[in-house]
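Written out below as structure tokens is the structure these notes cover.
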Amino acid sequence: MKRIFLIIPLFLITVLPLSAQNPSWAKKAADAVFTLKTFKVDGTLLGSANGFFVGENGEAVSSFAPFRDAHHAVVIDAEGKEWPVETIMGANDMYDVAKFQVAVKKPTSLSMGTAANGAAVWLLPYAVKKAPACERGTVSNAEQFQGNYTYYTMTLSANDQYLGCPIMNESGQVIGLLQPSANGQAGSSYAVSAPFAASLHTNGLSINDPLLRSTAIPKAIPDKYDEAVLSLFMGATVLDTQQYNEYINRFIARYPDAADGYIYRARQEVANGQFAQADEDMKRAVSKAEKKDDAHYQYAQLIYQKELYQSNQPYDGWSMERALEESKAAYAVNPQPIYLQQQAQILYAQQKYDEAYTLFEQLSKSELRSADNFYAAAQCKLQKDDKRTAVALLDSAVNMFSRPYVKTVAPYLHARAQLSMDIRRYQQAINDMQDLVALEPTSAELWAEKASYELRVNLFDQALESAQECLRHDSASSDGYLMTGIAQCAKGNKQEGLQNLNKAKELGNSQAQTFIDKYSK
């Protein structure tokens, strides 16, 4: 009996202090704490930390470090159950925190709070199916950052196995996540604001954030719709095809009643030759779109692009005529010039040049008056062999720019120079070429072309200078040697001229032999 009597007091001595140490809220709050484990693509363990839930839809926070180079991740909750991490919702490199979504329904989550200097705090550790052994400490310094958040220094002993665990205030609110010690000082611990970690979120540019791209775990779709659409646009250039297709599908799941997701998915389907699926998605986009005109416009553009670049893959129901119908439907809803521009482009592709020209001419009197539309109108006239009207339209295109010219004028100058030579506006052609080489002075091709124009009007000295300038920028230019040789021969220096013509021939110039024969006589 004495032995039994002695054991009971020893048991009480062991248990009672632990029970007295734990705050009343600890047992319930411990249900929100978990262990995070991340894995490589081959399934081997990469890293681990602790964390806790901050929202009833599975939102959670922890250290970001374990996520670097991770292929997938799971959390193991206080019941020992394993749940996959679905998406990264935000991250911060400076404070090494991450917010993410876990595939669990209505978990126990912690409410947010703060603590002042001198306040008592508790480390709430991860524990499976048992009461946690909380560690009490005191805030020794509460330093503000980013205006509303706090970084805590605490008199509290905690080793690295507790990293990511919540630090609680006396009211049972989480104030921070335990972080590694910066100086290794015994008895001191640090925590970054839990409200800060919980505030992390993705935006339209997050998909290209180097920190978030350091993990393969999918990124959360932004909560703001405009930001989410921007992320769709950005994703096309930064994600691989599989990742991007998955991202689009998650966008559609997040915003099922919005047109943009279906439009982006249809573009991917067209690229993969899945025209029937694309057609269905575009019909959904039209039915769900708030702006029906834009949806019809996008539908028309998709068909137009497919017919233009994938015409070798016919699909019943899609044709230039169908694209035109969709574009006209957009204009009927909202008569904007951009829809007329689209119709003009489609008509041009159908070789209906007169009808296309009529629309381009109409656009020249609208808010879409531009060099591009004058250029397109000129192309319509060229198809009808009306070169003089075409060059007048190119004059209008160039006149949309003021001197000193910038490089964006180059295509219109070039087109006018070529056409001016055809209609014997030689001085205009040479002037345009002079402007072109001023814009791109290192272009050997432009110097060679300028030399060829000068040769055609017997400006041999100028042609020789231009040809030499061509060779200065590209010593292996066959055109440079050809123009040099022709200019020299034309000036009477046949010996050197023929040497340069033979050099052009050696370099593969197909015209050289004709001039060698001419000047060898």
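As a basis for the values below, the full set of heavy atoms in this structure was taken, side chains included, without hydrogen atoms, waters or symmetry mates.
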[X] versus [Y], closest heavy-atom pair with distance:
{"X": "M112", "Y": "A198", "answer": "CE-CB, 3.7 Å"}
{"X": "A285", "Y": "A259", "answer": "O-CB, 3.5 Å"}
{"X": "V33", "Y": "P166", "answer": "CG2-CG, 3.7 Å"}
{"X": "L36", "Y": "S62", "answer": "CD2-OG, 3.8 Å"}
{"X": "F34", "Y": "I76", "answer": "CB-O, 3.2 Å"}
{"X": "A197", "Y": "L177", "answer": "CB-CD1, 3.8 Å"}

Centres of the F401 and Y412 rings: under 6.0 Å?
yes

Using the ring centroid of each side chain, check whether Y247 and F251 are separated by less than 6.0 Å.
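Ring centres of F251 and Y247 not closer than 6.0 Å.
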
So, the side chain of [X] versus the backbone of [Y]: is there a donor-acceptor pair under 3.5 Å, distance only?
{"X": "Y244", "Y": "L232", "answer": "yes"}
{"X": "S327", "Y": "A323", "answer": "no"}
{"X": "S366", "Y": "L363", "answer": "yes"}
{"X": "N50", "Y": "T35", "answer": "no"}
{"X": "H473", "Y": "P441", "answer": "yes"}
{"X": "R254", "Y": "P222", "answer": "no"}
{"X": "Q101", "Y": "N57", "answer": "yes"}

Are any non-hydrogen side-chain atoms of [X] and [Y] less than 4.5 angstrom apart?
{"X": "N203", "Y": "K224", "value": "no"}
{"X": "H72", "Y": "V85", "value": "no"}
{"X": "T38", "Y": "T215", "value": "no"}
{"X": "P337", "Y": "E367", "value": "yes"}
{"X": "K40", "Y": "D69", "value": "no"}
{"X": "I217", "Y": "F100", "value": "no"}
{"X": "L419", "Y": "L382", "value": "yes"}
{"X": "T202", "Y": "I221", "value": "no"}

Side chain to side chain contact (heavy atoms under 4.5 Å, CB included) partners for D77, two or more places apart:
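By the side chain to side chain contact (heavy atoms under 4.5 Å, CB included) rule, D77 matches E79, K81, W83.
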
With side chain to side chain contact (heavy atoms under 4.5 Å, CB included) as the test, pick out the partner of D294 among H296, Q298, E290, K292.
Q298

With a cut-off of under 6.0 Å to the ring centre and 45° to the axis, is R267 in cation-pi contact with Y264?
yes

Aromatic F275 / basic K306 pairing, under 6.0 angstrom, 45° off normal:
yes

Show your working on side chain to side chain donor-acceptor pair (under 3.5 Å) between T44 and D42 and close with a plain yes or no.
CA-CA 6 Å; T44 57; D42 63 3; 2.7 Å; yes

Please check if the number of heavy atoms outside [X] that lie under 6.0 Å from its [atom1] is greater than 12.
{"X": "D240", "atom1": "CG", "value": "yes"}
{"X": "Q305", "atom1": "CD", "value": "yes"}
{"X": "Y126", "atom1": "OH", "value": "yes"}
{"X": "F145", "atom1": "CZ", "value": "yes"}

Name all residues meeting the ring-ring contact (aromatic ring centres under 6.0 Å, His included) criterion together with Y331; count only those two or more places apart in sequence or in a different chain, and write none if there are none.
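For Y331 there are no ring-ring contact (aromatic ring centres under 6.0 Å, His included) partners, ignoring immediate neighbours.
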
Take L46 and H71, measure what side-chain contact (heavy atoms from CB on, under 4.5 Å) needs, and give me the verdict at the end.
CA-CA 9 Å; L46 177 65; H71 177 264; over 6 Å; no

Measure the spacing between [atom1] of [X] and [atom2] of [Y] and express it to the nearest 0.5 Å.
{"X": "L393", "Y": "N399", "atom1": "CG", "atom2": "CG", "answer": "11.5 Å"}
{"X": "Y95", "Y": "F196", "atom1": "OH", "atom2": "CZ", "answer": "6.5 Å"}
{"X": "Q418", "Y": "D432", "atom1": "CD", "atom2": "CG", "answer": "10.5 Å"}
{"X": "S206", "Y": "M89", "atom1": "OG", "atom2": "CE", "answer": "11.5 Å"}
{"X": "L413", "Y": "Q434", "atom1": "CG", "atom2": "CD", "answer": "11.5 Å"}
{"X": "L446", "Y": "E449", "atom1": "CG", "atom2": "CD", "answer": "6.5 Å"}

As a quick check of understanding, evaluate side-chain contact (heavy atoms from CB on, under 4.5 Å) for L239 and E246, giving each step before the final call.
CA-CA 10 Å; L239 300 177; E246 290 172 355; over 6 Å; no

Restricting to side-chain hydrogen bond (donor to acceptor under 3.5 Å, both in side chains), what partner residues turn up for R284, sequence neighbours left out?
D281

Between [X] and [Y], do the side chains contain an N or O donor and an N or O acceptor separated by less than 3.5 Å?
{"X": "Q350", "Y": "E321", "value": "yes"}
{"X": "D474", "Y": "S477", "value": "no"}
{"X": "Q179", "Y": "D96", "value": "no"}

For D395, enumerate each residue passing the salt bridge (charged side-chain N to carboxylate O under 4.0 Å, His left out) test, keeping only those at least two apart in sequence or located in another chain.
R416, R425

In chain order, what residues pass the salt bridge (charged side-chain N to carboxylate O under 4.0 Å, His left out) check against R322, with sequence neighbours excluded?
E326

Step by step, would you call C470 with M483 a side-chain contact (heavy atoms from CB on, under 4.5 Å)?
CA-CA 9 Å; C470 166; M483 299 305 159; over 6 Å; no

Under-4.0 Å salt bridge between [X] and [Y]:
{"X": "E440", "Y": "K450", "answer": "no"}
{"X": "E325", "Y": "K328", "answer": "no"}
{"X": "D93", "Y": "R68", "answer": "yes"}

May I have the step-by-step check of side-chain contact (heavy atoms from CB on, under 4.5 Å) for V74 and F39, ending in yes or no?
CA-CA 9 Å; V74 300; F39 302 89; 3.8 Å; yes

Can Q336 and N334 be said to form a side chain to side chain donor-acceptor pair (under 3.5 Å), step by step?
CA-CA 6 Å; Q336 294 296 312; N334 187 9; 3.1 Å; yes

Once ring-ring contact (aromatic ring centres under 6.0 Å, His included) is applied, what residue pairs with a partner in residues 339-371 remain, sequence neighbours excluded?
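The answer is Y297-Y339, Y348-Y353.
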
